[in-house]
Amino acid sequence: MFYVSTPIYYVNDAPHLGHAYTTVAGDVLTRWHRQRGEQVWYLTGTDEHGQKIMRTAEANGVTPQEWSDKLVEEAWKPLWQHLEIANDDFIRTTEKRHTERVQEFVQDLYDKGEIYKGGYEGPYCVGCEEFKTPGDLLEGDLCPIHKRPVEWLREDNYFFKLSEYGERLLEFYEANPDFIQPASARNEVLQFVRTGLQDLSISRSTFDWGIPIPWDDKHVIYVWVDALLNYATAVGYGSDPERFERIWPADVHLVGKDILRFHAVIWPAMLMANGLPLPGKVFANGWLMVGGEKMSKSNLTGISPRQLTEHFGVDAYRYYFLRAIPFGQDGSFSWEDFSARYTSELANDFGNLASRVAAMIGKYFDGELPASAEREEAVAGALAETVAKADRAIGDELDFAGGLGAIFDFVKLVNGYLSEQEPWKVAKDTSEEGRARLATILYTAAESLRAVAVLLNPVMPGTAEKLWASLGAEEHLGALAEQRVAEAGQWGRLPAGARVVKGEILFPRLES
RNA sequence: GGGGCGGUAGCUCAGCUGGUCAGAGCAUCGGACUCAUAAUCCGUGGGUCGUGGGUUCAAGUCCCACCCGCCCUACCA
């Protein structure tokens with residue numbers, strides 16, 4: 001089972017572009033693997049405990065649970081639906097199937113002696129109601145937010161013996177060089193772990209919006225221990241061993257680089273402590289930058305996903321970020337760049353190709369795909385290479401930009417092929433040879449589009465479906481979703497006689 | 001403070017262990033063509049490769065210093 005997770009997002013606020021970026025990437029990755037014919041499990045969800053949500057809820061005059069319910073139902077789930085995210089499950093950390101298992105997990109670690117009672121001591125700001133790190137403080141030990149002196153406070157906590165896992169983690173990273181990606185992220189983690197790990201305080205007693213520690217209900221479980229476990233509880237950990245066995249471990253955990261450390265250090269250590277298999281890969285994607293600044297929830301100047309989909313459409317939205325930004329790197333994004341790529345790549349190169357091919361088959365063959373007299377090796381060969389390249393890039397390397405680049409290079413190649421062959425001139429030659437030549441040219445173009453529809457289906461399902469319909473492919477080849485990547489590059493799958501119609505414009509020109 | 005990454009054509013970026021490395025895409029401009037969403041195809045212009053030194057027969061490509069931007073330096077998530 002190919003199991004992919006997004007982070008579970010903190011429901012402190014509504015989803016923004018960064019959340020959507022990661023979630024779309026995971027959706028494309030999992031759709032790609034489904035298109036390969038694999039069994040796939042795609043999980044997303046929400047993280048709903050913690051002090052911050054408690055405060056936000058209070059500030060809005062509702063309980064934390066009410067606050068979470070509202071955001072999940074009115075903001076998060078609807079956005080994923082809007083963006084055509086085909087997740088198989090959606091887990092919330094306030095669900096019983098999660099909280100009970102988390103308690104069991106922590107109890108297990110406690111029984112195994114991995115957790116001990118200790119104390120955390122440090123500068124504490126009464127105003128913030130939280131501990132500060134010495135580095136946070138202003139001159140004279142002032143809280144940077146309240147500008148008031150901090151107090152030195154000690155809190156009893158339970159600690160997980162994270163410090164004992166440094167060596168094992170390093171060995172694991174060594175043995176699994178692709179565990180943390182991209183390489184820059186891996187290096188950061190390695191450096192961090194090499195300098196030595198401290199034990200992790202895994203409980204809090206200063207607030208109560210969390211899962212109680214089973215043997216000491218004055219404490220709640222540290223939100224990250226709670227949150228990370230969603231990846232296991234959602235697939236049956238502790239409740240459905242057979243299912244858990246089948247799905248676990250995750251093949252890919254997609255994360256933002258801000259939460260890399262939790263996933264690359266704490267999470268594997270927790271799993272090791274409980275003797276569970278470790279995930280295959282943690283892939284940290286970068287920040288979306290706009291005007292050189294990071295977009296985040298604290299940066300409310302950010303553009304919302306819906307603003308973009310309203311203007312460009314959902315498919316173009318799904319395409320744009322993955323195409324424009326190498327996955328794993330920070331990427332600058334701008335309305336102008338989105339417009340430029342939409343027009344050049346989607347409308348002019350791709351949409352127009354579909355349009356002109358369908359138009360010519362309609363005009364010269366009454367919409368009935370003619371049989372090809374010969375096989376155009378250059379185009380057929382390029383297609384096979386394109387499929388191989390895209391499959392490796394998107395399916396294996398999470399190099400979405402590279403894979404999409406390959407597919408769109410092929411689209412350009414087909415445009416070039418048509419310009420070279422000039423079917424509109426060949427059409428004037430009504431001899432038998434002329435008709436045969438024309439048939440070959442148009443068949444070649446249509447067959448190319450058939451493959452493009454398959455390759456783009458994981459990325460732009462709506463558009464791919466329109467193209468599939470326009471080619472009359474379903475009647476002969478079946479549903480688009482059933483087309484396999486491995487067969488996409490085989491030449492000659494679309495049979496002569498298919499009803500090709502010029503459907504609606506795939507990517508209409510943008511308003512000014 | 002320590003560590004890491006980046007600063008290459010108008011824009012976004014490729015350039016591995018030094019020797020056609022000064023590139024690609026988009027935008028600009030010129031030409032071709034008319035099947036198509038005034039789309040497509042071909043061609044052109046444009047950069048002292050952040051700054052200053054140094055090593056070398058030869059440096060975006062190595063070394064040093066400096067300037068600018070970003071990230072990490074553990075328990076908000």
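Below, chains carry the letters A, B, ... as their sequence lines are ordered, and counting in each starts from 1.
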Colleague: Categorize A:S201 for me: base, sugar-phosphate, or nothing, with a 4.0 angstrom heavy-atom threshold over every strand shown.
Modeller: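 The answer is base, as A:S201 lies within the cut-off (heavy atoms under 4.0 Å) of a base atom.
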
Colleague: Which is true for A:L197 with a 4.0 Å heavy-atom rule: it touches a base, it touches only sugar-phosphate, or it touches nothing?
Modeller: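 Answer is base: heavy atoms of A:L197 come under 4.0 Å of a base.
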
Colleague: Looking only at side-chain atoms of A:W424, point me to the closest of B:C33, B:A27, B:A74.
Modeller: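 Closest of the options to the side chain of A:W424: B:C33.
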
Colleague: Between B:G3 and B:C63, how far is it from one P atom to the other, in whole Å?
Modeller: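 After rounding to an integer number of Å, I get 15 Å for this pair.
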
Colleague: Which of these nucleotides, B:A77, B:U40, B:C35, is closest to any side-chain atom of A:D258?
Modeller: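 Comparing B:A77, B:U40, B:C35 against the side chain of A:D258, the answer is B:A77.
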
Colleague: For B:A77 and A:Y222 - does any side-chain N or O of the residue sit under 4.0 Å from the phosphate oxygens OP1/OP2?
Modeller: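 Checking B:A77 against A:Y222, a side-chain N or O does come within under 4.0 Å of OP1 or OP2.
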
Colleague: How far apart are the C-alpha atoms of A:F312 and A:Y320, what are their side-chain angles, what is the distance that settles it, and do they pass the ring-ring contact (aromatic ring centres under 6.0 Å, His included) test?
Modeller: CA-CA 10 Å; A:F312 296 102; A:Y320 171 69; 7.5 Å; no

Colleague: Round to the nearest Å and state the distance from A:N12 atom CG to B:C76 atom P.
Modeller: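 Going from A:N12 (CG) to B:C76 (P), I get 14 Å.
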
Colleague: Going by a 90° cut-off around 0, is B:G60 syn or anti?
Modeller: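 Syn conformation for B:G60.
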
Colleague: Name the orientation class of the two ring planes belonging to A:H19 and A:Y9 (parallel below 30°, tilted from 30 to 60°, perpendicular beyond 60°).
Modeller: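 Taking A:Y9 first and then A:H19, their aromatic rings stand perpendicular (interplane angle over 60°).
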
Colleague: Which value, in whole Å, describes the distance between the P atoms of nucleotides B:G45 and B:G10?
Modeller: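 Their P atoms lie roughly 15 Å apart.
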
Colleague: Checking all strands, does A:L506 fall into the base, sugar-phosphate, or nothing category for heavy-atom contacts under 4.0 angstrom?
Modeller: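 Base: the residue A:L506, judged by heavy atoms under 4.0 Å, touches a nucleobase.
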
Colleague: In whole Å, measure the gap between the P atoms of B:C71 and B:A24 for me.
Modeller: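 After rounding to an integer number of Å, I get 33 Å for this pair.
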
Colleague: I need the CZ-C1' distance between A:R356 and B:C33, as an integer number of Å.
Modeller: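 The answer, rounded to whole Å, is 10 Å.
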
Colleague: What integer number of Å spans the P atoms of B:C57 and B:G1?
Modeller: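 Comparing P positions in B:C57 and B:G1 gives a spacing of 37 Å.
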
Colleague: Closest-nucleotide mapping onto RNA chain B: is A:P423 or A:P326 further toward the 5' terminus? I mean the 5' end.
Modeller: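 Upstream on the strand: A:P326.
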
Colleague: OP1 or OP2 of B:U40 sitting under 4.0 Å from any side-chain N/O of A:N348?
Modeller: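 For A:N348, the contact criterion (side-chain N or O under 4.0 Å from OP1 or OP2 of B:U40) is met.
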
Colleague: Please determine whether a side-chain nitrogen or oxygen atom of A:K412 lies at a distance below 4.0 Å from atom OP1 or OP2 of B:A39.
Modeller: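 The answer is no; no side-chain N or O of A:K412 sits under 4.0 Å from OP1 or OP2.
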
Colleague: Would you measure the distance from the C1' atom in B:U61 across to the matching atom in B:G30 and give it in whole Å?
Modeller: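 These two C1' atoms come out 36 Å apart once rounded.
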
Colleague: What contact category does A:Y364 fall into here, base, sugar-phosphate, or nothing, at under 4.0 angstrom with non-hydrogen atoms?
Modeller: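 Sugar-phosphate: the residue A:Y364, judged by heavy atoms under 4.0 Å, touches backbone atoms but no base.
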
Colleague: Using the ring of A:F365 (Phe, Tyr or Trp, six-membered ring only), decide whether A:R435 places NZ or CZ under 6.0 Å from its centre and within 45 degrees of its axis.
Modeller: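 Judged by the rule (NZ or CZ under 6.0 Å from the ring centre, within 45° of its axis), A:R435 counts as positioned above A:F365.
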
Colleague: Can the ring centroids of A:F283 and A:F327 be said to lie less than 6.0 angstrom from one another?
Modeller: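 Centroid distance A:F283-A:F327: below 6.0 Å, so yes.
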
Colleague: Tell me which nucleotide among B:A74, B:U37, B:A77 gets nearest to the side chain of A:L162.
Modeller: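 Out of B:A74, B:U37, B:A77, the nucleotide with an atom closest to A:L162's side chain is B:A74.
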
Colleague: Hey, does the side chain of A:R509 come within less than 4.0 Å of B:A39's phosphate (OP1/OP2), counting only N and O?
Modeller: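 For A:R509, the contact criterion (side-chain N or O under 4.0 Å from OP1 or OP2 of B:A39) is met.
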
Colleague: What's the gap between B:G6 and B:G50 when it is taken at their C1' atoms, as a whole Å value?
Modeller: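 Between the two C1' atoms, the distance is 11 Å.
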
Colleague: Could you tell me whether the phosphate oxygens of B:U73, OP1 or OP2, come under 4.0 Å of any side-chain nitrogen or oxygen in A:R261?
Modeller: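 Yes, because at least one side-chain N or O of A:R261 sits under 4.0 Å from OP1 or OP2 of B:U73.
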
Colleague: Provide, to the nearest angstrom, the distance between the CH2 atom belonging to A:W267 and the C1' atom belonging to B:A77.
Modeller: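 Whole-Å distance recorded here is 17 Å.
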
Colleague: Report which part of the nucleic acid A:A359 touches: base, sugar-phosphate, or nothing (heavy-atom distance under 4.0 Å, all strands).
Modeller: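 The answer is sugar-phosphate, as A:A359 gets under 4.0 Å only of primed atoms, P, OP1 or OP2.
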
Colleague: Regarding A:N415, tell me which of base, sugar-phosphate or nothing describes its non-hydrogen contacts under 4.0 Å with the strands shown.
Modeller: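 The residue A:N415 makes sugar-phosphate contact but no base contact.
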
Colleague: In terms of side-chain geometry, is the basic nitrogen of A:E58 or A:R55 positioned less than 4.0 Å from the acidic oxygen of its partner?
Modeller: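 A salt bridge is absent here (no side-chain N lies under 4.0 Å from a carboxylate O).
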
Colleague: What's the CG-P distance between A:D409 and B:A14, to the nearest Å?
Modeller: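 My rounded result for the distance is 17 Å.
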
Colleague: If the cut-off is 4.0 Å, is A:K502 near the phosphate of B:U37, judged by side-chain N/O to OP1 or OP2?
Modeller: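 True: A:K502 side-chain N/O within range (under 4.0 Å) of B:U37 OP1/OP2.
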
Colleague: Which part of the nucleic acid, if any, lies within contact of A:G286, taking any heavy atom under 4.0 Å across all strands shown: a base, the sugar-phosphate backbone alone, or nothing?
Modeller: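 No contact.
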
Colleague: Using whole Å, report how far OH of A:Y342 lies from C1' of B:A39.
Modeller: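 Distance, rounded to whole Å: 14 Å.
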
Colleague: Would you indicate what A:Q198 reaches in the nucleic acid, counting non-hydrogen atoms under 4.0 angstrom: base, sugar-phosphate, or nothing?
Modeller: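 If one applies the 4.0 Å heavy-atom cut-off, A:Q198 turns out to touch a base.
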
Colleague: Just the rounded figure in Å: distance from P of B:U37 to CD of A:E504.
Modeller: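 My rounded result for the distance is 14 Å.
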
Colleague: When you look at NZ of A:K77, are more than 12 heavy atoms from neighbouring residues, nucleotides or ligands closer to it than 6.0 Å?
Modeller: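 Yes, because the 6.0 Å sphere around NZ of A:K77 holds more than 12 heavy atoms from other groups.
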
Colleague: Provide, to the nearest angstrom, the distance between the CZ atom belonging to A:R323 and the P atom belonging to B:C13.
Modeller: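 From A:R323 CZ to B:C13 P: 13 Å.
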
Colleague: Please state whether the rings of A:F408 and A:Y319 are parallel, tilted or perpendicular, taking 30° and 60° as the class boundaries.
Modeller: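 The arrangement is tilted - the two ring planes meet at 30° to 60°.
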
Colleague: With nearest nucleotide decided by heavy atoms, which residue, A:I259 or A:V411, maps closer to the 5′ end of RNA chain B?
Modeller: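 With A:I259 and A:V411 compared, the 5'-side residue is A:V411.
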
Colleague: Which whole number of Å gives the distance between the C1' atom of B:G60 and that of B:G15?
Modeller: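 Result for the C1' pair: 8 Å, nearest Å.
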
Colleague: Whole angstrom is fine here: how far is it from CG in A:L346 over to P in B:U37?
Modeller: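 Taking atom P of B:U37 as the reference, CG of A:L346 is at 17 Å.
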
Colleague: For a quick test of reading the model, state the closest non-hydrogen atom pair linking A:A359 to A:K502 and the distance between them.
Modeller: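 Minimum heavy-atom separation between A:A359 and A:K502: CB-CD, 4.1 Å.
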
Colleague: How far, in whole Å, is B:C70 from B:A58 if one measures between their P atoms?
Modeller: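 Comparing P positions in B:A58 and B:C70 gives a spacing of 38 Å.
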
